[in-house]
Amino acid sequence: MPKIIELPQHVANLIAAGEVVERPASAVKELLENAVDAGATKITIEIKDGGMTFLRVTDNGCGMSPEDAKTAFLRHATSKLRRAEDLAAIETMGFRGEALAAIASVSRIDLMTRTADALSGVSLHLEAGNITEESEAGCPVGTTILIRDLFFNTPARMKFMKSDTVEGGRVAAAVQLQALAHPEVAFTFFRDGKQILSTPGTGLLKDAVYCVYGRDGGKMIPVESRWEGYTLTGFVSKPTDARPSRNLQTFFVNERPVVSKLLIKALEEAYRNQIMVGKFPACVLHLTLPANAVDVNIHPAKTEVKFLSEKSAFDCVHYGVLGALNKQTDRPQVQFKPQPAPAPAVQQTSFTKPQSPAPQAAKQTDFFRTMTAEEYKNFSTAVQSAPQPKPQAAAATAIKVDSQRKDALKESVLLPGMTKLPPMYTPPKPVAPPPTPEPKADSIPEPEIEQQELPMAAEIPWRMVGELYNTYVIVEQGEDAFLIDKHAAHERILFEKLKANQESISSQILLTPVPVTLNAEAVGELLANTDLLTELGFEIDEFGDHTILARQIPMDLSPEDAKDALESLAADLLSGRREEKSKVRDEMLHTVACKAAIKAGWITSETELLALVKQVMTREDLKYCPHGRPICVSLSKKQLEKQFKR
Ligand code: ADP
Ligand code: MG
């Protein structure tokens, strides 16, 4: 039996190097991350022979003291992590303290570095991880690290290297990735003396994307959305510019490039039914979330991450991209599955399972009749966007409202929570004035008073048809039908109202205070934020035993929902601790709005629905619920005709 020995340090480093430094491109990635962590605003990368013989990175970051420069090459030497607890919330690119040690163990290195407060810097030479020379050096503030002869002492690894062209290409890709991750840094990249890339470091992702992808980058669609403390910004390709591979899908989580099946799926879901099979969208997307909501320490090269809430990450990307794509088309439409081959006509009266070869056709023909609520839900998420009232069509196809509806409109119909809204109906401004008949001498003029009393009655451009599943309101407007999610719509309306209200939200005093039992952390968080809660219309007291008493709650909230709301608010506060107060306030407003809004499945009176529809059809800001889900989807007459093969 061979004796067990502890490996000498340099052998352990070689093994670690295999994990961290696979090839020149992985060394470049680590060096660039170090430069970014050092606060550099300008970074220059130069390589020769694919980076195998010569690889130099120069930055204008904070530099290192001579002492630190030497320590930096020890394994697990880092200035970025002090305690195990820090691992829970990593905000720097590096943290494992392995990269320099690993790279040094398989190469020859020259390092020059100086801090701003030192008159001169230090120069080190290392061979296979050992410092062989050290001297004082006159050099600018920052760090230059030159790596020569990568893998000179590990012939086995050397054999795995591809041609210089391939390795050089990978280095270029690594530089591009960092340039897209850090638009605030100006990157310049030279390959065999030729400048390949240069980004301006303006801090605008748009500029970095343009430098990396050229004109193709300029054609991408901007994405900007927030979701429960998550932020998504970046660019996605138009559905028509899809690619044959996923090569151009780039995701960053807190500025770190990641490979994530979850995020890919979220992106591609948003393109569902818009892109051909076998084609893929391109993207440069930055997902930003609280550092403690993501674990970056699950992969040696830090390219994989684990989300605390996979659903939130998914939703943020999915709905964010969906929203951006929707903004592209001003004629949002329901997307049907690709048309099947012409199929024999299906008997309209038959509800039994249709015979092949036309199951698809049958399903589509029986569209409204056979759809279950579940199918409907899927169907409604496949849609592209909310409608914009069409001013021209409005004038041309004004639909008469019956007298009952007229009355409903005349009355000031208010849902709970809609009490202080500005005038409900702002008639769309017609682009072309509606055709008016030639005035005749003997014609009786329209009484003006009628116009004033009911300003929109004559030109109401839409008609409420009914409601499906107590959830979706159907509205007809000219050649379009709209399906409005009543909960999403009401939630958004309430949210906007709460947000517009700068002062405190009006609240109701409860005759019987509601006891709410939560975990100790949540109770503590709520009690520590009573000011914010007061602004939101809550008054709470400590009751002991992990319980608080809600004495006062927002006017729009029912006492039964108070517990849920407070629980969500505590969660918002806990997850948003590091965020600005205004963001947390927004989250809390979402919560209150969501809890107070009418729910899908509830029975809502026609008058109330009508009031809701009026808002949705006339207000620009009511496109998505505060969580980014669509409020309204459209289905045109043309689309339906196509489905019915007319
Ligand atoms: P990590 O980045 O995980 O901390 P590294 O081995 O990459 O580990 O680097 C070790 C330490 O060396 C860093 O924590 C940092 O203090 C220092 N360092 C490395 N590169 C630079 C640089 N370009 N400028 C300033 N300090 C640097
Ligand atoms: Mg590092």
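Just so you know, these numbers come straight off a predicted model, no measurement behind them. The figures that follow rest on heavy atoms only: side chains count, while hydrogens, waters and symmetry mates do not. We count ligands from 1, going down the list as the structure has it; atoms in each ligand are counted the same way.
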**Complete:** Sequence neighbours excluded, the answer for ring-ring contact (aromatic ring centres under 6.0 Å, His included) partners of F314 is H318
**Asked** By ring-ring contact (aromatic ring centres under 6.0 Å, His included), which residues pair with F252, not counting sequence neighbours?
**Response** H286
**Request:** May I ask you to say whether R191 pairs ionically with E46, meaning some side-chain N is under 4.0 Å from a carboxylate O?
**Result:** no
**Asked** Where on D68 is there a heavy atom closer than 4.0 Å to ligand 1, on the side chain, on the backbone, on both, or on neither?
**Response** neither
**Prompt:** So is E30 close enough to ligand 1, meaning a heavy atom under 4.0 angstrom away?
**Reply:** no
**Fill in**
In ligand 1, the atoms that come under 4.0 Å of a heavy atom of E98 are 6 (O), 8 (O)
**Item:** Which of the ligand 1 atoms, numbered from 1, are nearer than 4.0 Å to a heavy atom of A72
**Value:** 10 (C), 12 (O)
**Item:** Non-hydrogen side-chain atoms of L177 and T250 separated by less than 4.5 Å
**Value:** yes
Using distance alone, determine whether [X] and ligand 1 share an N or O pair under 3.5 Å.
X: D37; answer: no
X: L100; answer: yes
X: A99; answer: yes

**Request:** Might you point out which heavy atoms bring I548 and V523 nearest each other, and give the distance in Å?
**Result:** CG2-CG1, 3.9 Å
**Exam field: side chain Q249 to backbone P281, donor-acceptor pair closer than 3.5 Å** = yes
